[in-house]
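Heads up: the structure comes next, in structure tokens.
Both ligands and their constituent atoms are indexed starting at 1 by order of listing.
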Amino acid sequence: MSKAPMRVAVTGAAGQIGYSLLFRIASGEMLGKDQPVILQLLDLPQAQQAVKGVMMELEDCAFPLLAGMVATDDPNVAFKDADVCLLVGARPRSKGMERADLLTANGAIFTVQGKAIAENAKEDVKVLVVGNPCNTNAYIAASAAKKVGRTNPRNYHGMLRLDHNRALSQLAAKTGRAVSSFKQMVVWGNHSPTMYADYRFATSNGDNVKGLVNDAVWNNDVFLPTVGKRGAAIIEARGLSSAASAANAAIDHVRDWVLGSSEWVTMGVPSDGSYGIPEGVVYGFPCECKNGDYKIIQGLEIDEYSRGKMNATLAELEEERAAVASML
Ligand SMILES: NC(=O)c1ccc[n+]([C@@H]2O[C@H](COP(=O)([O-])OP(=O)(O)OC[C@H]3O[C@@H](n4cnc5c(N)ncnc54)[C@H](O)[C@@H]3O)[C@@H](O)[C@H]2O)c1
Ligand SMILES: O=C(O)C[C@H](O)C(=O)O
């Protein structure tokens, strides 16, 4: 007997990430090749015509797993009974615009959406925020949802998976090893240039990656800035922010969360106090996923260099948190 459909709400459905994301969800790449889905698409009133166009294309793919679609500009409709919410819709950063400028512009969106999710979605809904600044937007949504209750505050995540994937591909290029050979990568902190991509625990075909690279100057002067500023470099090159790779990372994050992963994955999750990160701050941690749930990997040794990097990215998140405090 076929499974009951899962409801996936996607905001910013008419945008460029939406266009790279929806077809892959409908084809079963996110929730499994035997899992029917209903897509609940939210965008602004002026984007509804474009959403209709995307829906026409989705229809034309005749995806066997696509069990239904809804288009709306009302968050209460979009999040109704949702199992998964992908909060993509936000104002993208354009050339020369600082991330901090996005805080106020986007903060308002996520208070409304967090409340609407908590009032309408399934109690165990899984929420992934992609729209930037995604850690703080997830924190805002979780705070708004907490006031309503019902949904699980641990389940409001920010997306660090693109940074994780970027780090893997830089290591593959440096070492000449296959990207698939790397395990136990971690990206700590904020999805911003302050993030700390940390391969001290990583292995490649059983070899310790730190020993394999053996180049502290490359780590500090090339690897960290390349991974941390990759989003800006793509905007510079394309004139638009990354879309296909962001959509791919969102698929990776939710797939591993729902279906499990045998490897460590980086997730931006509300801190439970692990590694000295204050409770509630949405911070990139190494996680393992099993039975539709996730756990922060414990017990990793934090040396002085790493603590400095982890504190720097935390300080930025604390600043962002202070900047939106009046909205919560
Ligand atoms: N976390 C990451 O790794 C990562 C990576 C790339 C991009 N991003 C971010 O993702 C976001 C979306 O990027 P994009 O390239 O798809 O942008 P886009 O401009 O192409 O699309 C954004 C869409 O969101 C819609 N939208 C705006 N406000 C909305 C609201 N309140 N409710 C519903 N929809 C709304 C717009 O109408 C538009 O259709 C940006 O904030 C971007 O910075 C994050
Ligand atoms: O939209 C951006 O600011 C860049 C994006 O977050 C990215 O990392 O590609």
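Around atom 25 (C) of ligand 1, the closest heavy atom drawn from Asn132, Val112, Asp43 belongs to Asp43. In this structure, of Leu44, Val130, Asp163, the residue bringing a heavy atom nearest to atom 4 (C) of ligand 1 is Val130. Which of Val130, Ile235, Asn132 comes nearest to atom 5 (C) of ligand 2 through a heavy atom is settled by distance: it is Asn132. Selection from Ile17, Ile109, Ile235 by nearest heavy atom to atom 31 (N) of ligand 1 gives Ile109.
The two residues Gly284 and Leu160 come nearest to each other via the heavy atoms CA-CG, 3.9 Å.
Residue-level proximity to ligand 2 for Arg230 is absent, since no heavy atom of it falls below 4.0 angstrom. Of the heavy atoms in His191, only side-chain atoms (C-beta onward) come closer than 4.0 Å to ligand 1. Residue Arg166 touches ligand 2 through its side chain alone, judged by heavy-atom distances below 4.0 Å. Under 4.0 angstrom from ligand 1, the non-hydrogen atoms of Ala246 all belong to its side chain.
Counting the atoms of ligand 2 from 1 in the order shown, those under 4.0 Å from a heavy atom of His191 are 5 (C), 6 (O), 7 (C), 8 (O). Each of the following atoms of ligand 1 lies closer than 4.0 Å to a heavy atom of Gly12: 23 (C), 24 (O), 25 (C), 33 (C), 34 (N). Near Ser242, the atoms of ligand 2 lying under 4.0 angstrom from a non-hydrogen atom of the residue are 7 (C), 9 (O). Distances below 4.0 Å separate heavy atoms of Ser242 from the following atoms of ligand 1: 5 (C), 6 (C), 7 (C). The Ser241 neighbourhood of ligand 2 comprises atoms 1 (O), with distances under 4.0 Å to a heavy atom of that residue. Residue Cys134 approaches ligand 1 through these ligand atoms, each under 4.0 Å from one of its heavy atoms: 1 (N). Each of the atoms 3 (O), 5 (C) of ligand 1 lies under 4.0 Å from some heavy atom of Leu162. Near Ala14, with a cut-off below 4.0 Å to any heavy atom, the atoms of ligand 1 are 39 (O). Close approach of ligand 1 to Ser241 (heavy-atom distance below 4.0 Å) involves ligand atoms 15 (O).
Taking the six-membered ring where tryptophan is involved, the planes of Trp188 and Tyr275 are perpendicular, since the angle between them exceeds 60° and thus also 30°. Between Trp257 and Tyr294, the ring planes are perpendicular. Angles over 60° get that label, and only those under 30° would be called parallel. Between Phe285 and Tyr283, the ring-plane angle classifies as tilted under the 30° and 60° cut-offs. Between Phe201 and Trp264, the angle of the ring planes lies from 30° to 60°, which puts this pair in the tilted group.
Within the 4.0 Å heavy-atom shell around ligand 2 one does not find Met159. Not a single heavy atom of Ala243 sits closer than 4.0 Å to an atom of ligand 1. Within the 4.0 Å heavy-atom shell around ligand 1 one finds Gln113.
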Trace of the salt bridge (charged side-chain N to carboxylate O under 4.0 Å, His left out) decision for Arg307 with Glu304: CA-CA 5 Å; Arg307 181 52 71 187; Glu304 208 182 317; over 6 Å; no
From CA spacing to verdict: side chain to side chain contact (heavy atoms under 4.5 Å, CB included), Ile297, Leu300: CA-CA 8 Å; Ile297 306 277; Leu300 301 177; 4.3 Å; yes
CA sep, side-chain torsions, deciding dist, call: Asp272, Arg154, salt bridge (charged side-chain N to carboxylate O under 4.0 Å, His left out): CA-CA 9 Å; Asp272 57 359; Arg154 289 179 74 245; over 6 Å; no
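A donor-acceptor pair under 3.5 Å is absent between the side-chain atoms of Ser181 and the main chain of Arg177, judged by distance alone.
Not a single N or O atom of Asp163, backbone or side chain, sits closer than 3.5 Å to an N or O atom of ligand 2. For ligand 1, none of its N or O atoms has an N or O atom of Thr11 under 3.5 Å away.
With a 6.0 Å radius and a threshold of 12 heavy atoms from other residues, nucleotides or ligands, Asn291 has its CG atom at or below the threshold.
Checked options Asn152, Leu87, Asn155; the residue passing with Val127 is Leu87 (criterion: side-chain contact (heavy atoms from CB on, under 4.5 Å)). Among Thr136, Thr194, Asn311, the single residue meeting the side chain to side chain donor-acceptor pair (under 3.5 Å) criterion with Glu316 is Thr194.
Taking the six-membered ring for Trp and the full ring otherwise, Tyr199 and Phe223 have centroids separated by under 6.0 Å.
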